[in-house]
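The structure appears below as structure tokens.
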Amino acid sequence: MSQPHEPTENVMILISRAVQGTLTDDESRTLEQLLTADPALQQLYVEQMLLDTWLNRSLSAEFLGGAIDMLAGVAPVQPPPPRRRWRRVLLAASLLIGVGLAVAVWWMTFPRSAVVPEPQVVQNEEPRLAEAPKKADIRGRILSLEGKPLIGAQVTALAHRLFMPGERTLHDQILAVGKTDDEGRFHLSVAADFPTWYPDRRVALFVHASGEGLHTVQVPLPSIAVEEDAVVDPIEVRLSKAETVRGRLLDAAGKPAKGVTLRVARLGNVAFDPVAAGRPTDDLPGWPGLVISDAEGRFELSGIGPSEMVSFRVEDDRFAPHSIALTPGKAEDSLRLQPLRWIEGRVIAADTGAPLAGVRLTADAVTQQKFGVHTVADEQVPLLRWMTTVDTRTDLDGRFRIRSFPQMSHILEFHPPPGSPYLAVRKQQGPGMAGIPNEVSLPRGVVVRGQMTDELTGQPIPGGSVFWDAPVDGVNLPFDPSVVQEASGITRTDAEGRFTLTIPTGPVRLQGFGPTQEYIARPISEWTRMGISDRHGWKLTPTSPDQAIAYCHAETFLELTPDAPPPSLTLSLHKGRTVRGEVLAADGGPVPRAILLCDGRVSPLRNGWGQPLPVERGRFVLPGCEEGKVYTILVLDKYQEQGAVAEVSCPEDPEHRPRIRLQPCGKGLVRVKPAGKALPASIAPLFPSMFPYLYLRLPKPHLPGEPPRDPGTATLVDDLGINMIYTLDHRRVDKAGELTLSGLIPGAEYLLSWQIQRGWISLPHTRVFRVKPGEALKLPDVVPGLPRDNP
Amino acid sequence: MSEPRDSEEFVRELTRSQTRLHGFIRCLLPQQESIDDILQETNLVLWRKASDFTPGSDFWAWASQVARFQVLSYLKQRSRDRHVFDVGLLEHLARIAAAQAETMEERQAALARCLEQLPPAQRQLLELRYSLHQSDEMIGATTNRPVNSIRQTLYRIREVLLRCIERRLATEGSS
């Protein structure tokens, strides 16, 4: 061991990168020079590398898991050895089992004594991580086209990354990597409680086998609220014959676009862009490399599973950053490319004019490509319809340069690094070169720091979300209206429950959301103007629980001035109780997968509006309940078209756990007649204003023996993402102009709402109805009107 | 290929040396390429020359020399594509690594004690890195911290553990 030798931070980072195996050639040269010049550093370097190896062996779950697998008769995940060496391998394997077992036993039984002074890491802001991450074991088997076990196939588990403001979303996070053994089996251990914005956790498996093509599989993980030990049903994947996707690129004049570089941004269930914000991310072995169009503008990618749609992004200095999605086995699809337009500029501080470096910048453009987010009901609901996002960061001089489209409007967002005293802003930019900002100035705000804690225990809450909002009355804005607020400026609490947020001076509210739905939701207060001052006089007034439509888990009011020191904030969340029960299908069997809706279960990304919860394996969990209240829950199994409305009490009676039996869904049949004429089929996407919107009422909790004092929150079914048939693109009338509203939960209250235009006045109409189990309810005609039809 | 004189002891020694061989090879290949392949090649060479092994002799000294040779031979081919350390530096590193890895078992036992004494926050950071195999970038994203801060913290935690191991070995050696 060397004498104490404190390397510089850069050297530490360099050695850490060597330890992680991510050194570039340049870094390798630098490290070589440093090591050659300093023998003491050689010693440190070797010690770090060796310790990393030992830690890998000691702490690796796979190492212990591998020994256990071998004992259980599962072969280690290695290609089979040549037959003539089997005896030696067997002997070696048995010794490995011995070593593995010894390590396992030693690890579990080692005496916990402390003789040597306790080691401490000297660092100021060392995070205290929450309880050890829960794990989920994903096991399965990969079979070839012929049904034979596929040996040595690489299986990678990925999850949707927790994207933050100013980041592009098309990049999944690698959770675990493994290979199939000689029986085609794989075993991946992933963190079951990885952070997610979604109500359920799902993992996409990326299967890469030489000569078998690329395949993806989606695996829902059991909710950690349902099961502490997440057990995933074994997965068997039989690969299908690999196909080829083909496309053709033309320039604006219709001539073949030769030598255009395309990058695969998405393949089936996996979005994996190897470059985010101009910086390389982790490698995903097997992910297709760059594709280049030939002299005819044609390009193709072979070895793709037949059900995996491939999205390519154009990366070429001549053309705009188009995206094109191609389906394997289909005829060649062509795309006419627009010329590239660079948006260039500089980001500066509004108060000093100094350049701001490291500002994340995204540009959203309307293109032909559509990406969405999955919902708890397995729907792909487009959040940013027909949008493409590109991103970058400003350099040391605050300059940025970003690819864009010449003929399209862009929404640009500028997000300074966390902890910066400057506020994020959003700028809209028209098509063409007009309006390109040479300099974008970010207004100064105040950096506030706080902690999210549990009200009862005082324990910090990691993984929570916080954002701010300020009153807007359309006339007297207390701050620059381009400043980004609400969910677009969300931040998360760290391992200590701490958060940092930059807010404007003047009246501001912070809203806090716990990492799960376990916390009691409180109605979001209303901004009320108490005085006539431009900037002051705004207060928050409580919203009656009966009137609430949006919720958070904690809120606090602030009115800071530029000179006053920001206070230290605490957002206290109150953990509620959890009610559990069963969900049975109409025939009495368990329901494998459904959704549950209940007032007050909300998402921070939706600014505190309703969020469906998953029902898994015939069980439901309703967290965040207040003792002594009765909750109305709505359950929908959209696959079997069954649903139910039920009431559950908190606390539950453990002897008589709630059991909800689903019944067949009903239908609503409505004729849509603009100006007295039935609509032609498939017209909905063209004339959205002519179509009625469907709302679902989520009743409020009430006291036992008392009816609810309010009918509840009417939530747009489109927004809940519970069934794709309700989204506008999928709504269709038949030849008679009749619209079928299927999958309606029996007993739930629905509202059909549409507008009738009288001159310049738009008159809202609403029809309230419920369906009985299996009922096809004929609703009165809806007669919306276009302005020209209703003079 | 010839049978070793005492195949059971040979396999035991070979098995015992796997972790230290892996670590030894890694020290010479910071870009982590083909480490498993080189380890496998080393094992094959050792197995082919098993008859040269005399029970009771210094297996590690022999095995580390074979591994060193395998790495150098690999780097000769690889240096055309990527930067590799100078041979002189590699020889220095190999000497240090071979000496360090020689006492691996004692160090690993001490490491277990030191891990037990690590504060939960640091222990859990190590679990993210080594049990869940999260990259520094992923840990940074999970804990909402800059990736370089994660790298420094992990470096310092390893440094603390190394000092703890050294203290333990010194205490146990003197008692």
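The figures here come from the full heavy-atom set of this structure, side chains too, leaving out hydrogens, waters and symmetry mates. All of these numbers come straight from a predicted model, not from anything done at the bench. Chain naming here is simple, since letters A, B, ... match the order of the sequence lines and numbering starts at 1 in each.
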Pairwise distance [atom1]([X]) to [atom2]([Y]) - rounded to 0.5 angstrom:
X	Y	atom1	atom2	value
A:Leu50	B:Arg158	CG	CZ	11.5 Å
A:Met49	B:Ile96	CE	CD1	13.0 Å
A:Leu55	B:Ile157	CG	CD1	9.5 Å
A:Asn10	B:Gln152	CG	CD	8.5 Å
A:Leu51	B:Met104	CG	CE	12.5 Å
A:Leu44	B:Tyr155	CG	OH	4.5 Å

Does any heavy atom of chain A fall under 4.5 Å from the side chain of B:Ile165, the backbone, both, or neither of them?
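Contact with chain A involves the side chain of B:Ile165 alone.
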For B:Leu89, is it the side chain, the backbone, both, or neither that has a heavy atom closer than 4.5 Å to a heavy atom of chain A?
side chain
Between B:Leu14, B:Val147, B:Asp136, B:Leu154, which shows the greatest number of heavy-atom pairs under 4.5 Å with chain A?
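When all of B:Leu14, B:Val147, B:Asp136, B:Leu154 are compared, B:Asp136 has the most.
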Under the criterion side chain to side chain contact (heavy atoms under 4.5 Å, CB included), I'd like the reasoning laid out for A:Ile15 against B:Arg151: C-alpha separation, chi angles, the key distance, then a yes or no.
CA-CA 9 Å; A:Ile15 292 180; B:Arg151 287 187 178 128; over 6 Å; no
When you measure from the side chain of [X] to the backbone of [Y], do you find a donor-acceptor pair of N or O atoms at a distance under 3.5 Å?
X	Y	value
B:Tyr130	A:Trp54	no
B:Arg26	A:Val19	yes
B:Gln100	A:Glu47	no

Is the shortest side-chain heavy-atom distance between A:Met12 and B:Glu159 below 4.5 Å?
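When only atoms from C-beta onward are counted, B:Glu159 and A:Met12 do not touch, as no gap falls below 4.5 Å.
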Side chain, backbone, both or neither: which part of A:Leu23 has a non-hydrogen atom closer than 4.5 Å to chain B?
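When you check distances to chain B, atoms from both the backbone and side chain of A:Leu23 fall under 4.5 Å.
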What heavy-atom pair brings B:Pro30 and A:Tyr45 nearest, and what distance separates the two atoms?
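Smallest interatomic distance, heavy atoms only, reads CB-OH, 3.4 Å.
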What's the shortest heavy-atom distance between B:Thr19 and A:Thr53, and which atoms?
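Taking every non-hydrogen atom into account, O-CG2, 3.8 Å.
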